[in-house]
Asks: 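Input: one structure, supplied below.
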Amino acid sequence: MHPYALALQACLAPHADPLQAGPMKAYMRGQFEYLGLKTPRRVELVKAFIAGRGLPEPSDLDAIVRDLWSLPEREYQYCAVGLMERLLKKLPPGFVATVEALIITKSWWDTVDTLASNLAGPLFKRYPGERAAYLPRWRKSDDFWLRRTAILFQLDYKKDTDFPLLCDILRENLGSKEFFINKAIGWVLREYSKTDPEAVRRFVADTPLEPLSRREALKWLEARGQ
């Protein structure tokens with residue numbers, strides 16, 4: 001294991017709280033073990049760790065995050081995501097391969113959604129060639145977490161959203177019975193409705209969305225009587 005990952009593990013492990021770990025594991029349907037570090041405490045510990053040791057070199061980040069991903073406790077995956085976010089501006093084009101590997105490993109919304117909007121999204125914007133290489137495959141993948149990522153990578157693009165592209169991707173997922181796909185469709189439309197409400201209203205009116213997607217898509221507009 002990379003020394004940086006080992007040191008971070010040694011920093012967090014002594015603060016494990018079994019009384020918190022049980023409920024945290026139950027909230028995630030028993031899929032992951034937990035140290036029992038709630039977000040404020042984990043953030044505090046990691047902040048102190050970085051203050052003392054510094055951030056890793058970007059060239060070491062792939063090995064570090066993969067090592068953290070291999071640990072059973074979910075907090076280490078959250079730490080990995082946080083390190084990638086901190087070093088985002090220094091990540092090279094090839095790091096998209098790392099992001100893809102993490103999306104399809106120990107997949108659940110708590111990591112995938114951040115990887116989609118905070119890592120894949122900015123990297124695709126910065127490196128159009130990587131978007132051209134990865135997005136077509138993600139859109140058609142049998143892994144619905146990659147398809148969810150293809151839906152959500154523009155979540156924070158606002159006026160920079162390629163809405164025709166988004167619509168095409170959403171149409172490719174029509175008829176899905178997968179909750180996480182239909183929820184993502186509604187979520188990304190709801191976010192874009194804050195930028196272009198009429199475009200979203202037209203798309204919803206013209207598209208046979210699942211009830212969940214339609215309800216989520218219009219939630220922000222309806223709350224404002226629009």
Asks: Which heavy atom of Ile64 sits nearest to which heavy atom of Pro56, and what is that distance?
Replies: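 Residues Ile64 and Pro56, closest heavy atoms: CD1-CB, 3.3 Å.
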Asks: Is the CD atom of Gln20 crowded by more than 12 outside heavy atoms at less than 6.0 Å?
Replies: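 Count over threshold, so yes.
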Asks: Compare all side-chain heavy atoms of Val81 with those of Gln77 and state whether any distance is below 4.5 angstrom.
Replies: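 Contact flag for Val81/Gln77 side chains = no.
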Asks: With ring-ring contact (aromatic ring centres under 6.0 Å, His included) as the rule and sequence neighbours excluded, what pairs involving residues 127-164 come up?
Replies: Trp108-Trp145, Phe124-Trp138, Phe124-Phe153, Tyr134-Trp138, Trp145-Phe180, Phe153-Tyr157, Phe163-Tyr192
Asks: Between Arg86 and Ile50, is there a side-chain heavy-atom distance shorter than 4.5 Å?
Replies: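 Touching, per the 4.5 Å side-chain cut-off.
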Asks: Regarding Arg201 and Glu198, does a basic nitrogen lie under 4.0 Å from an acidic carboxylate oxygen?
Replies: yes
Asks: Might you point out which heavy atoms bring Leu45 and Cys11 nearest each other, and give the distance in Å?
Replies: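 Smallest heavy-atom distance, with atoms named: O-SG, 4.0 Å.
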Asks: Under 4.0 Å between a side-chain nitrogen and a carboxylate oxygen: does that hold for Asp196 and Lys159?
Replies: no
Asks: Does the side chain of Met24 reach to within under 4.5 Å of the side chain of Lys38, using non-hydrogen atoms?
Replies: yes
Asks: So which pairs with a foot in residues 59-83 pass salt bridge (Lys or Arg N to Asp or Glu O under 4.0 Å), sequence neighbours left out?
Replies: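 Salt bridge (Lys or Arg N to Asp or Glu O under 4.0 Å) check on residues 59-83 returns Asp62-Arg66, Arg74-Asp110.
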Asks: What pairs of residues pass the ring-ring contact (aromatic ring centres under 6.0 Å, His included) test when at least one of them lies in residues 194-217, not counting sequence neighbours?
Replies: none
Asks: Between Asn173 (side chain) and Asn182 (backbone), is there a donor-acceptor pair under 3.5 Å?
Replies: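 No, the answer is negative, given that no donor and acceptor are paired below the 3.5 Å cut-off.
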Asks: Flag the pair Val99 / Leu102 as yes when at least one side-chain heavy-atom distance between them is below 4.5 Å, and no otherwise.
Replies: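 SC-SC contact between Val99 and Leu102 ruled out.
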Asks: For residues Leu55 and Leu83, report the shortest heavy-atom separation together with the two atoms involved.
Replies: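 Heavy atoms of Leu55 and Leu83 come nearest at CD2-CD2, 4.0 Å.
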Asks: State yes or no: do Met84 and Val43 share one hydrophobic cluster built from I, L, V, M, F, W and Y residues joined by side-chain heavy-atom distances below 4.5 Å, directly or via other members?
Replies: no
Asks: Between the side chain of Ser117 and the main-chain N/O of Asp113, is any donor-acceptor distance below 3.5 Å?
Replies: yes
Asks: For a 4.5 angstrom cut-off between non-hydrogen side-chain atoms, does Leu12 reach Leu37?
Replies: yes
Asks: Looking only at non-hydrogen atoms, find the nearest pair between Asn118 and Leu88 and report the distance.
Replies: O-CD2, 3.7 Å
Asks: Minimum heavy-atom separation for Val204 and Ala217, please, with both atom names.
Replies: CG2-CB, 3.9 Å
Asks: From the options Val200, Leu170, Thr161, select the one residue that forms a side-chain contact (heavy atoms from CB on, under 4.5 Å) with Val188.
Replies: Leu170
Asks: How close do Lys106 and Trp69 get, counting heavy atoms only, and between which atoms?
Replies: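 Heavy atoms of Lys106 and Trp69 come nearest at NZ-O, 2.6 Å.
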Asks: With sequence neighbours left out, what residues match Lys194 under side chain to side chain contact (heavy atoms under 4.5 Å, CB included)?
Replies: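 Listed in chain order: Glu191, Trp220.
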Asks: Quick one: does Leu123's side chain get under 4.5 Å of Glu130's, heavy atoms only?
Replies: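 Leu123 does not reach Glu130 side chain to side chain.
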Asks: Is it true that Met28 and Leu35 fall in one hydrophobic cluster, defined by side-chain heavy atoms closer than 4.5 Å?
Replies: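 Yes, same cluster.
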Asks: Has the side chain of Arg147 got a donor or acceptor atom that lies under 3.5 Å from a matching backbone atom of Lys140?
Replies: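 Not confirmed, Arg147 side chain does not pair with Lys140 backbone.
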Asks: Tell me the ring-ring contact (aromatic ring centres under 6.0 Å, His included) pairs involving residues 41-64, sequence neighbours left out?
Replies: Tyr4-Phe49
Asks: Compare all side-chain heavy atoms of Ser213 with those of Glu210 and state whether any distance is below 4.5 angstrom.
Replies: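 Yes - at least one pair of side-chain heavy atoms lies under 4.5 Å apart.
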Asks: What pairs of residues pass the side chain to side chain donor-acceptor pair (under 3.5 Å) test when at least one of them lies in residues 6-18, not counting sequence neighbours?
Replies: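 Non-adjacent pairs meeting side chain to side chain donor-acceptor pair (under 3.5 Å): His15-Arg41.
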Asks: Is any side-chain heavy atom of Arg214 closer than 4.5 Å to a side-chain heavy atom of Leu218?
Replies: yes
